[in-house]
Amino acid sequence: MAKRVAVVLAGCGVFDGSEIHEASAVLVHLSREGAQAEVYAPNIPQMHVVDHVKGQPTPEQRNVLVESARIARGNIKDLATLDVKGLDALIIPGGFGVAKNLSTWATQGKNCSISKEVEGVLRAFHAAHKPIGLCCISPVLAAKIFPGCEVTVGHDTECEQWPYAKTAEAMKELGCRHVNSQVTEVHVDTRNRLVTTSAFMCNAPVHDIHDGVGKMVREVLRLA
């Protein structure tokens, strides 16, 4: 039977939701590997809405589930209905929505809180020893919830190629082990069954992002 994988989205758009290229890559690679993606998002207001032309917040109000449905082509479920028993794995793409809507990392860093629904889902998969794939900024969720886990967000030294490297340092302060990696590589924490890759934490061509996400998806399915 096809493996069933929950994909949790955080809105639609890099600055206030899920990163669309990463989310699309996850769905493409799951399809290519013969897995069945089931897309979920929390039915909550976004922290704010960002004009992606100007890069500035607007006074609009939007809903995370409604916006995520754009990526899922309408085939999406409320995260509150997710039942880990019928699923084989969990994947959460990146995008600032992870740090704004699924958690408060964007404003509080390592002192953030994770949405109760999101934390509950992550803990349920972890307790069931089912693999979890995280890319871009979403490994911070695991770093906050699972002390001592191993993750990658790319590199821990800031430069033009790695503009968000301070994230790695913040995760180390939470007590987890950060492993430097290239954008097309993944890190597998076998004890916690976590598969992470840096994606757009790296200033890299989109095809490299796509390839790295693909490797993450294949590793998640191998562990499932």
Side-chain angles (χ1 to χ4, degrees), residues 3-20 22-23 26-27 30 36-50 61-147 149 151 153 167 171 174 176 192-196 216 220 224:
K3 291 175 180 175
R4 298 174 62 200
V5 180
V7 179
V8 175
L9 300 181
C12 181
V14 58
F15 298 128
D16 58 10
S18 288
E19 210 296 319
I20 296 170
E22 292 176 19
V26 166
L27 297 174
L30 285 172
Q36 178 183 335
E38 297 194 10
V39 186
Y40 295 84
N43 186 10
I44 57 172
Q46 291 186 187
M47 182 186 114
H48 63 184
V49 177
V50 174
Q61 292 185 335
R62 297 189 186 183
N63 177 282
V64 174
L65 177 61
V66 172
E67 291 303 297
S68 299
R70 295 175 180 271
I71 297 174
R73 297 174 59 84
N75 187 13
I76 195 167
K77 301 173 185 175
D78 188 331
L79 185 61
T81 68
L82 187 152
D83 183 357
V84 68
K85 292 178 184 175
L87 297 161
D88 298 296
L90 168 68
I91 294 179
I92 306 181
F96 282 105
V98 172
K100 294 177 177 180
N101 304 326
L102 306 189
S103 72
T104 59
W105 185 277
T107 55
Q108 295 180 295
K110 67 181 188 299
N111 298 315
C112 74
S113 60
I114 310 296
S115 152
K116 287 185 179 179
E117 271 187 2
V118 173
E119 180 172 352
V121 165
L122 282 161
R123 288 193 183 278
F125 276 90
H126 188 262
H129 305 289
K130 295 181 178 182
I132 299 168
L134 304 164
C135 66
C136 194
I137 191 65
S138 64
V140 302
L141 302 174
K144 182 69 178 182
I145 298 172
F146 308 124
C149 70
V151 295
V153 289
T167 302
M171 292 197 299
L174 286 171
C176 76
N192 289 291
R193 301 179 76 77
L194 295 173
V195 185
T196 52
M216 177 195 70
V220 166

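- The distance from atom OG1 of T104 to atom CE of M47, rounded to the nearest 0.5 Å, is 9.5 Å.
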Are V121 and V84 close enough, and set up right, to give a side chain to side chain contact (heavy atoms under 4.5 Å, CB included), and what steps lead you there? CA-CA 8 Å; V121 165; V84 68; over 6 Å; no

For side chain to side chain contact (heavy atoms under 4.5 Å, CB included), just list the numbers for I76 and I71, CA-CA rounded to whole Å, side-chain angles, deciding distance to a tenth of an Å, and then say yes or no. CA-CA 9 Å; I76 195 167; I71 297 174; over 6 Å; no

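- Of all non-hydrogen atoms in C135 and M216, the two that sit nearest each other are CB-SD, 3.9 Å.
- Counting only distance, with no hydrogens or angles, the side chain of S18 and the backbone of L9 share no donor-acceptor pair below 3.5 Å.
- Side chain of D83 to backbone of K85: a donor-acceptor contact under 3.5 angstrom is found.
- One finds the CD atom of Q46 at 8.0 Å from the NE2 atom of H48 (value rounded to the nearest 0.5 Å).
- With sequence neighbours left out, F15 forms a ring-ring contact (aromatic ring centres under 6.0 Å, His included) with H52.
- Listed for the T196 side chain is no donor-acceptor partner under 3.5 Å among the backbone atoms of G133.
- Side chain of N43 to backbone of L65: no donor-acceptor contact under 3.5 angstrom is found.
- Side-chain contact check for L122 versus L141: some heavy-atom pair is nearer than 4.5 Å.
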Test side chain to side chain contact (heavy atoms under 4.5 Å, CB included) applied to I137 and V153, step by step: CA-CA 7 Å; I137 191 65; V153 289; 5.7 Å; no

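- Of all heavy-atom pairs spanning V64 and G11, the tightest one is CG1-N, 3.7 Å.
- Contact detail for G95 and C136: the closest heavy-atom pair is N-SG, 4.2 Å.
- Atom CD in Q61 sits 10.5 Å away from atom CG in N63 (nearest 0.5 Å).
- Here the straight-line distance linking atom CG of D88 with atom CD of Q36 works out to 9.5 Å at 0.5 Å rounding.
- In terms of heavy atoms, V98 sits closest to A10 at N-CB, 3.8 Å.
- With contacts defined as side-chain heavy-atom distances shorter than 4.5 Å, the pair I92/Y40 does not qualify.
- Listed by chain and residue number, H126 satisfy the ring-ring contact (aromatic ring centres under 6.0 Å, His included) test with F146 (two or more places apart in sequence, or in another chain).
- Proximity of V7 to L30: side-chain heavy atoms (C-beta onward) are separated by under 4.5 Å at one or more points.
- Using modelled atom types, no side-chain atom of E22 and backbone atom of P93 make a donor-acceptor pair closer than 3.5 Å.
- Among residues at least two apart or in separate chains, there is no ring-ring contact (aromatic ring centres under 6.0 Å, His included) pair with a member in residues 94-125.
- Smallest separation of non-hydrogen atoms from K100 and A106: CG-CB, 3.7 Å.
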In sequence, state the C-alpha distance, the side-chain angles, and the governing distance for R123 and I145, and then conclude on side chain to side chain contact (heavy atoms under 4.5 Å, CB included). CA-CA 8 Å; R123 288 193 183 278; I145 298 172; 3.4 Å; yes

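- Side chain of N101 to backbone of D16: a donor-acceptor contact under 3.5 angstrom is found.
- For the pair L87/V5, no side-chain contact is recorded, criterion being any heavy-atom separation below 4.5 Å from C-beta on.
- Within a 6.0 Å sphere centred on CZ of R70, heavy atoms belonging to other residues, nucleotides or ligands number 12 at most.
- Proximity of V8 to I91: side-chain heavy atoms (C-beta onward) are nowhere separated by under 4.5 Å.
- Without hydrogens or angle criteria, K77 side chain to E38 main chain gives no donor-acceptor distance under 3.5 Å.
- Rounding to the nearest 0.5 Å gives a distance of 6.0 Å between CG of N192 and SG of C149.
- Once rounded to the nearest 0.5 Å, the distance linking CG of L79 with OG of S115 reads 7.0 Å.
- At least one donor-acceptor pair closer than 3.5 Å links the side chain of R4 to the backbone N or O of G86.
- Panel note: side chain S138, backbone L134; no donor-acceptor pair is recorded below 3.5 Å.
- Distance alone, capped at 3.5 Å, is enough to place a donor-acceptor pair between the K144 side chain and the K110 backbone.
- Taking each heavy atom of V151 and M171 in turn, the nearest pair found is CG2-CE, 3.7 Å.
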